[in-house]
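Only one structure is covered here, and it is reproduced in the block below.
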Amino acid sequence: MRNSPEGLRNTLLIARRQLGAIRQDGTVLFLLGLVVALGLVAVLGARHHESNEAGQRARYQGIVDEQWVDQPERHPHRVVHYGFLVFRDQAPLEFVDPGVSDYTGTSIFLEGHRQNTANFGEARHSTGTSRFGRLTPASVLALLLPLLVVVAGFAAVSAEREGGTLGVLLTQGATPAQILAGKVLATGAVGVLATLPVALAVAVTAGPGLDSAASALRLGTLAAIYGIYLAGWVLVTVLVSAVRTSSRSALAQLLALWVVICVATPRVAASVAGALYPLPSRAELTAQVEAALNEVGDSHRPDDPFFRSLREEYLERYQVDAVEDLPVNWRGVLSRESESLTSRVFEDHRQELVEGHLRQNGVMAWAGLLSPYLAARDLSMGIAGSGPEAMEAFLAQAEAHRYTIIQRLNELHIHEIRNENDRAQRLAREHWGQFPVFGTEPPPLDGMLANRPLSLAALGLWIGLPLTGLGLARRRLALIGTERSS
Amino acid sequence: MRAWARLLALDLRRLTRSAGTAAAIILLLVLGVYVAWRAGRNVEAAQTSSTAAETAYDDQLDFLLSVYPPATDAGEVLYYLAFPAPQPPLAVSSLARGRAAVETESLRIRLLALEGQLYEHETVNPRLAAAGYLDLAFLLIALLPLFIIAVSYDLVSGEREGGTWNLVRLFAPPRRLLVAKLASRAVLVGAVAAVVMAAGALMAGVGLDGRAGWMFALVALHTVFWFALCLGVAMGNRSSTANAMILAGIWVVLTILAPAALSLANSVLHPVPEALELTVQQRQGYHEAWDLPPSATMASFYRDYPEWSDQEVPEDVFTWGWYYAMNHRGDQAARDASRAYREVLRQRDAWARRWSVFAPPLATQLALDRLARTDLMAQLDYQDAVRRFHERLKDHFFPHFFATTPIDAVVWDDVPTFEPAAPADSAARAGFPAAIILILGSGLALGVGARRARA
């Protein structure tokens, strides 16, 4: 492309001409209005929903924290069973892209001897209408905006050819590159016009939650990802319009492409990932955990081999004849050792599940190369902080918190409770205020992007391939020009 | 008659010769067979899962009886024992998965407070779930209409633009031509749909009962609905590109936008704080009891079970009767929240169903899920069945707790077993409203199209 002022002027002229044609097109204007309206509704609705959810969770976390501190004098093992309820904090930009959060539980009950699942995700409460997910800003941007771009641009070049004006433009001195660039600019302008109000609404409504530069950075990166994704659609649209013989077949091909990329491939990929790497069902998993726990042994059970040898070890170490004479609380020791054994079993099985998820997610990442929609959504949920790794991090942090709290209680049991008349003793209330509070850290942004090389590459291809295609189409366009003018 | 058949065959050949149509047919058939194969796998997986729950119970009972001395209180061993509550899978559930991928219907229940055990879910990978589920229902309700649109958007306009309209009108009256073109497309689409449905029914082992019959009938009606829509639009005097845009727009609105917008509205209109409320209440209700005298806990226990009010537990020693009564106190504390929770979910379901009237594909989808027993209501029915099971277990074991029966005196073969949830409504009641919506929708589309064409 020549970068002369005249070339630029030609490009802009063609873009203006195309925009003029679009302004006459009722369908495009109607769709533009619809997408903008839907985008605004999505932003407001999602924001309302998320802040409602956040309020609820904060309220119940407050209640639970208070209940913990307000506990009466209790025996520490009592408190091991009383446990702790934690609620997942919302991701920084969850209202823009809820990612996988609807399918992840919002609360976990942390208690001794057990690892519970996170329950009550939004998907558990939704009816069959949620097949296409909720209407969110992300779905408007990734799913609907491409359609607008297609409708605005499918005839960009083909109509000129059908109307015989392509040859006229070429003979009047516009180069094929200038024509294509002008069409891309005009089609892109429609996309930008539709995106701006939505982006603005996101920025404004995110305001109260934007307490750090990190979130502003997240918003900026998010805008860049969707910008690239939509730019790819603009390029593909103009390319198809340039190479197809008729507007009609260009439209049919673009719509088919949209269906394949945005509707079919994500589901096929998810289904294939599930078939390639099946997960054990909940029933199988709990049965496995149960069997493994039976093997580890239980301190409550008389004559358990592991705990018998532990007793001998302690008797020898402290040179006493009976556990009642130990200077430390024997039941507390049992509880601590058994927690360390059982939590290893829980963690091993949870890790197995996490690895299964990772393998399946790997298939999804490769599928991103076929479906830039998947790649863009993958990056988008990562940046929003609602991706799978954020949810796994929540579960891992909750488990770490559980282990810390339970073992601290066991230490209190070991050192603050005497052996004789163990169960009748109580710990003073001051102890409850000294436990750490649970808080999640959203994974950092740079790690999010580094973890998704395939999705980044897919977006690169999504821009690069149609650009190359346009380069080739430019030559064909030039040929048409000479054919017509000769 | 022979001329008619020749016209039909000619048009079919013309249709399938197009590379795009041929590719779409092959793609649909390949996807259809794949989805049918997955349906078969789903049936197997559900079976495995329910067997796993049963086997785990047997294994655990054997294990406990082997390690605990025969004189151990039944209450102590029952603390570790989880009873299986597997809902026998329906073959049709594998065709319209609904929420089946997220929910488990093979729970195992301990005699402890139930509310903490009832909401376990399936081991689903959130990343896959968020991408959407591919099943036979999705293929036939969402993707097949796109194929119908692709072959019929230019039913009339294509001939007009190709300049062949006036030519063919010489040899056949336009109405017969239109009918022939429509018939050839119906044959094509119907064949694809029939192959896909037959493959699904075969691989999933679906018997031809009322539920399956209604499901297939709804899919057929839904296909007719899209043909009516296409015909209604194609009869107008518009260009092919305009028709394509209008039909694609209608598809996007009915299949994607309406459900997504309804989901958003539903979650905003019907928030579910009760889910968190009941968790907090149950835990507090149970644990508070440890700090209360046993008689206080027993008093509230007797309110629900007056038949045992003559059973007293000692105030100063631990008894298993008291322990499980404390667990019951947890469920009592959560009862209001739990009821409210189910009430909100019912409201959500009813609300979605009411508004789906305006989006026939969505109404069809919801009806298919209901027929397949994979919708929200089926899940609530299952939970109710588990509640009844838990009650029956309590009825069975509380006398043992009060009598401090040792484990060797418990007749384990007499323990109640799970009674599966029965479908709440008949197949006809689940399918009928959607059928009416589809028929009315088809009539409306044709009527509007015909009026436009005349005007």
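Note on naming: letters A, B, ... go to the chains in the order of the sequence lines (proteins, then strands), and numbering restarts at 1 for each one.
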Region of B/Leu107 that comes under 4.5 Å of a non-hydrogen atom in chain A
neither
Interface moiety of B/Leu257 toward chain A, non-hydrogen atoms closer than 4.5 Å
side chain
As an exercise: rank B/Ser240, B/Ala101, B/Gly98 by heavy-atom pairs under 4.5 Å with chain A and give me the winner.
B/Ser240
Okay, B/Thr255 and chain A: the region with an atom under 4.5 Å from a heavy atom over there is both
Is it the side chain or the backbone of B/Arg38 that comes within 4.5 Å of chain A heavy atoms, both, or neither?
side chain
Find the one option among A/Met364, A/Glu290, A/Met391 whose heavy-atom pairs under 4.5 Å with chain B are most numerous.
A/Glu290
Tell me, side chain or backbone of B/Asp369 under 4.5 Å from chain A's heavy atoms, or both, or neither?
side chain
Can you tell me which portion of A/Ala252 sits under 4.5 Å from chain B's heavy atoms? Options are side chain, backbone, both or neither.
side chain
Measuring heavy-atom distances to chain A, does B/Ala45 have an atom under 4.5 Å in its side chain, in its backbone, in both, or in neither?
neither
Taking the side chain as C-beta and beyond, is there a heavy-atom pair between B/Asp349 and B/Arg370 under 4.5 Å?
yes
With only heavy atoms counted, which part of B/Glu288 is less than 4.5 Å from chain A, the side chain, the backbone, both or neither?
backbone
Could you check if a side-chain atom of A/Arg377 sits within less than 4.5 angstrom of a side-chain atom of A/Pro266, using non-hydrogen atoms only?
no
Can you tell me how far CG of B/Asn266 sits from CZ of B/Arg348, rounded to the nearest 0.5 angstrom?
5.5 Å
Among A/Thr104, A/Val354, A/Leu358, A/Val100, find the residue that satisfies the side-chain contact (heavy atoms from CB on, under 4.5 Å) test when tested with A/Pro388.
A/Val100
Parallel, tilted or perpendicular: rings of A/His77 and A/His113 (30°, 60°):
tilted
With a 4.5 angstrom heavy-atom cut-off, is it the side chain or the backbone of B/Ala248 that approaches chain A, or both, or neither?
side chain
Heavy-atom distances under 4.5 Å only: say whether B/Ile256 touches chain A with side chain, backbone, both or neither.
both
Taking the side chain as every heavy atom from C-beta outward, state whether B/Gln47 and B/Ser50 have any atom pair closer than 4.5 Å.
yes
Roughly how far apart are B/Gln379 CD and B/Thr104 OG1, rounded to 0.5 Å?
8.5 Å
Heavy-atom pairs under 4.5 Å with chain B: which of A/Ala270, A/Ser271, A/Ala287 has the most?
A/Ser271
Verify whether one side chain among B/Glu76 and B/Tyr80 offers a donor that lies under 3.5 Å from an acceptor in the other.
no
Proximal component of B/Tyr34, with respect to chain A [non-hydrogen, under 4.5 Å]
side chain
Side chain, backbone, both or neither of B/Tyr79 within contact of chain A (heavy atoms, under 4.5 Å):
side chain
Residues A/Thr265 and A/Ser371: side-chain donor-acceptor under 3.5 angstrom
no
For B/Tyr341 and A/His125, take the angle between the two ring planes, folded into 0 to 90°, and tell me which bin it lands in: parallel under 30, tilted 30 to 60, perpendicular over 60.
perpendicular
Toward chain A, the part of B/Asp291 with a non-hydrogen atom under 4.5 Å:
side chain
Counting only heavy atoms closer than 4.5 Å, note whether B/Val35 contacts chain A via side chain, backbone, both or neither.
neither
Heavy-atom proximity to chain B below 4.5 Å, by part of A/Ser249:
neither
Relative to chain A, which segment of B/Trp37 carries a heavy atom at a distance below 4.5 Å: side chain, backbone, both, or neither?
side chain
Contact between B/Leu146 and B/Trp251 at the side-chain level, heavy atoms closer than 4.5 Å - yes or no?
yes
Check the angle between the aromatic planes of A/Tyr82 and B/His287 and answer parallel, tilted or perpendicular using the 30° and 60° thresholds.
perpendicular
